[in-house]
Protein chains: 2
Amino acid sequence: MTTLDRQVEHRLKDRDVRYTRARRAVVEALAQAGGPRSAAELHADIGPSVPLSSLYRSIATLEEAGVLTPHHGARSLTRYELAEWLAGHHHHLLCTSCGSVEDIDIPADREAVVRRLVDAIAADAQFAAASHALEIEGLCARCR
Amino acid sequence: MTTLDRQVEHRLKDRDVRYTRARRAVVEALAQAGGPRSAAELHADIGPSVPLSSLYRSIATLEEAGVLTPHHGARSLTRYELAEWLAGHHHHLLCTSCGSVEDIDIPADREAVVRRLVDAIAADAQFAAASHALEIEGLCARCR
DNA sequence: TCCTATAATGAGAATCGTTATCATAAGAAC
DNA sequence: GTTCTTATGATAACGATTCTCATTATAGGA
């Protein structure tokens, strides 16, 4: 059992939610993927042992527990990834050509700039900021 | 006929696309809304004179022509708003409680900071940045 | 270990946003 | 006005997601 597993298990136990085979499979597949994955992609990764209906329910449960964060994209596709507290804070590069989503870590000094900006904007709008995301659209290294 | 109408008309004429009643209705509804609207919301705004099928086609046409930009949200909902060159550059505040999306203009000096950051991040990843979006999630002034 | 209460699963149907089809109507070019 | 092209409206189809319900697994107590 990995550290990740232990963290998730603890989080779920706190909420009286069981860490079952299907849910574990989702968490492990996401950990391996290293980037956002859709339900269909997770189904392909995990295999037919977890049917789609269960997969969707597992995803919803994990999302409610704050283990996963959804990422909504084109063509009615929602991709998921492990939440910030599990996988760290990062931003996204969206390729408009191939549709890929790349996670990108940014150095702490730059992240500090973003955070200051977010706080200032939110304060001006009397908005209580919980999280932020900087998404950059364009062409990835392969497609340009 | 408003300035907006003229701008859109010209853009469409350049692409041999007609600026029809349905398309005009979408543009006008979006201009009035002052924030992202889904197809269903536009349908409610415009009324039944433009049926959903036409509405979706109008949206797709306008999106291809670069008049609208899509904004993907929860529950497989895509909202649209007038493109940057028509409505100006701005960012979004997403309320996790009521689901509203608020457009927020940020001062030029702050925007410059964001742009510098985006350029630096993109350059590091060998990514050709075309546009960027800073999305802040949290509780809006009404919900907090 | 066995019981019991509760929560999770699997299979399938249902739902919802969106897209495609196709016959008809409107617009532009001549 | 005729003709050619493009847009429309009604409706069916589609794909991602959610729901239903009978069955199965799990946790906690006897």
Side-chain angles (χ1 to χ4, degrees), chain A residues 1 5 8-29 36-65 67-80 99 101, chain B residues 1 5 8-29 36-65 67-80 99 101:
Chain A
M1 181 181 280
D5 264 330
V8 173
E9 184 163 40
H10 186 240
R11 175 92 170 203
L12 295 183
K13 189 161 274 178
D14 275 355
R15 292 155 198 255
D16 290 309
V17 171
R18 297 177 192 161
Y19 195 28
T20 62
R21 191 177 55 82
R23 292 166 188 170
R24 209 175 285 269
V26 170
V27 169
E28 276 161 15
R37 303 289 275 168
S38 68
E41 289 165 343
L42 286 171
H43 188 58
D45 295 344
I46 293 168
S49 69
V50 176
L52 263 181
S53 59
S54 288
L55 188 55
Y56 274 108
R57 253 179 325 207
S58 296
I59 290 172
T61 304
L62 291 169
E63 187 185 341
E64 272 160 41
V67 174
L68 268 55
T69 52
H71 183 69
H72 304 287
R75 297 188 68 80
S76 312
L77 252 185
T78 304
R79 288 170 201 273
Y80 297 87
V101 182
Chain B
M1 179 180 280
D5 264 331
V8 173
E9 185 164 40
H10 186 239
R11 176 92 170 202
L12 295 184
K13 189 161 274 177
D14 275 357
R15 291 152 200 256
D16 289 308
V17 171
R18 297 179 193 158
Y19 195 26
T20 62
R21 190 177 57 83
R23 292 167 189 170
R24 208 176 286 271
V26 170
V27 169
E28 276 160 15
R37 303 289 276 166
S38 67
E41 289 164 343
L42 287 171
H43 188 58
D45 295 344
I46 293 169
S49 69
V50 176
L52 262 180
S53 61
S54 288
L55 190 56
Y56 274 109
R57 252 180 325 209
S58 296
I59 290 171
T61 304
L62 291 169
E63 187 185 342
E64 273 160 40
V67 174
L68 268 56
T69 51
H71 183 69
H72 304 288
R75 296 187 69 80
S76 312
L77 252 186
T78 304
R79 288 170 201 271
Y80 298 88
V101 182

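Order of the sequence lines fixes the chain letters, A, B, ..., with proteins taken first and strands second; residue numbering starts at 1 for each chain.
Separation of atoms NE2 (B/His10) and CZ (B/Arg15) is listed at 11.0 Å; rounding is to 0.5 Å. Residue A/Arg21 holds its CZ atom at 5.0 Å from OG of A/Ser49, rounded to the nearest 0.5 Å. Note that NE2 of A/His71 is 8.0 Å distant from CZ of A/Arg79, once rounded to the nearest 0.5 Å. Residue B/Asp5 holds its CG atom at 5.0 Å from CD of B/Glu28, rounded to the nearest 0.5 Å. Atom-to-atom distance recorded for B/Ile59:CD1 and B/Leu42:CG is 5.5 Å, nearest 0.5 angstrom.
If you measure from atom NE2 of B/His72 to atom P of D/dA16, you get 15 Å, rounded to the nearest angstrom. Following rounding to the nearest Å, B/Arg21 (CZ) and D/dT6 (C1') show an atom-to-atom distance of 15 Å. Taking atom CZ of residue B/Arg37 and atom P of nucleotide C/dT18, one finds them 14 Å apart after rounding to whole Å. The CD-C1' distance, from A/Glu41 to D/dA16, rounds to 13 Å in whole Å. When rounded to the nearest whole Å, the span between CZ of A/Arg57 and P of C/dA8 equals 10 Å. The interatomic distance linking B/Lys13 (NZ) with D/dA7 (P) rounds to 14 Å, in whole Å. If you measure from atom CZ of B/Arg79 to atom C1' of C/dG17, you get 13 Å, rounded to the nearest angstrom. Distance CG (A/Leu77) to P (D/dC14): 18 Å, rounded to an integer number of Å.
Fit an axis to the five pairs at each end of the helix from C/dT1-D/dA30 to C/dC30-D/dG1 and the two axes sit 30° apart, to the nearest 10 degrees.
When heavy atoms are screened at a 4.0 angstrom cut-off, B/Ala60 is found touching no nucleic acid atom at all. Among the protein residues, A/Thr78 comes within range of the sugar-phosphate backbone only, with heavy atoms under 4.0 Å from sugar or phosphate atoms but none that close to a base. Here B/Ala40 lies out of heavy-atom contact (under 4.0 Å) with every strand. Counting non-hydrogen atoms under 4.0 angstrom, B/Ala39 reaches the backbone sugars and phosphates but no base.
The phosphate of C/dT18 has OP1 or OP2 within less than 4.0 Å of a side-chain N or O from B/Tyr56. Of the side-chain N and O atoms in A/Ser54, none sit less than 4.0 angstrom from OP1 or OP2 of C/dA8. Residue B/Arg18 places no side-chain N or O under 4.0 Å from the OP1 or OP2 atom of C/dA26.
Side chain A/Ser53 to base C/dA11: a donor-acceptor pair is found below 3.5 Å.
With B/Tyr80 as the partner, the side-chain contact (heavy atoms from CB on, under 4.5 Å) test is satisfied by one option alone out of B/Leu62, B/Thr69, B/Leu68: B/Leu68.
Residues that satisfy the ring pair (Phe, Tyr, Trp, His ring centres under 6.0 Å) test with A/His43, not counting sequence neighbours, are absent from this structure.
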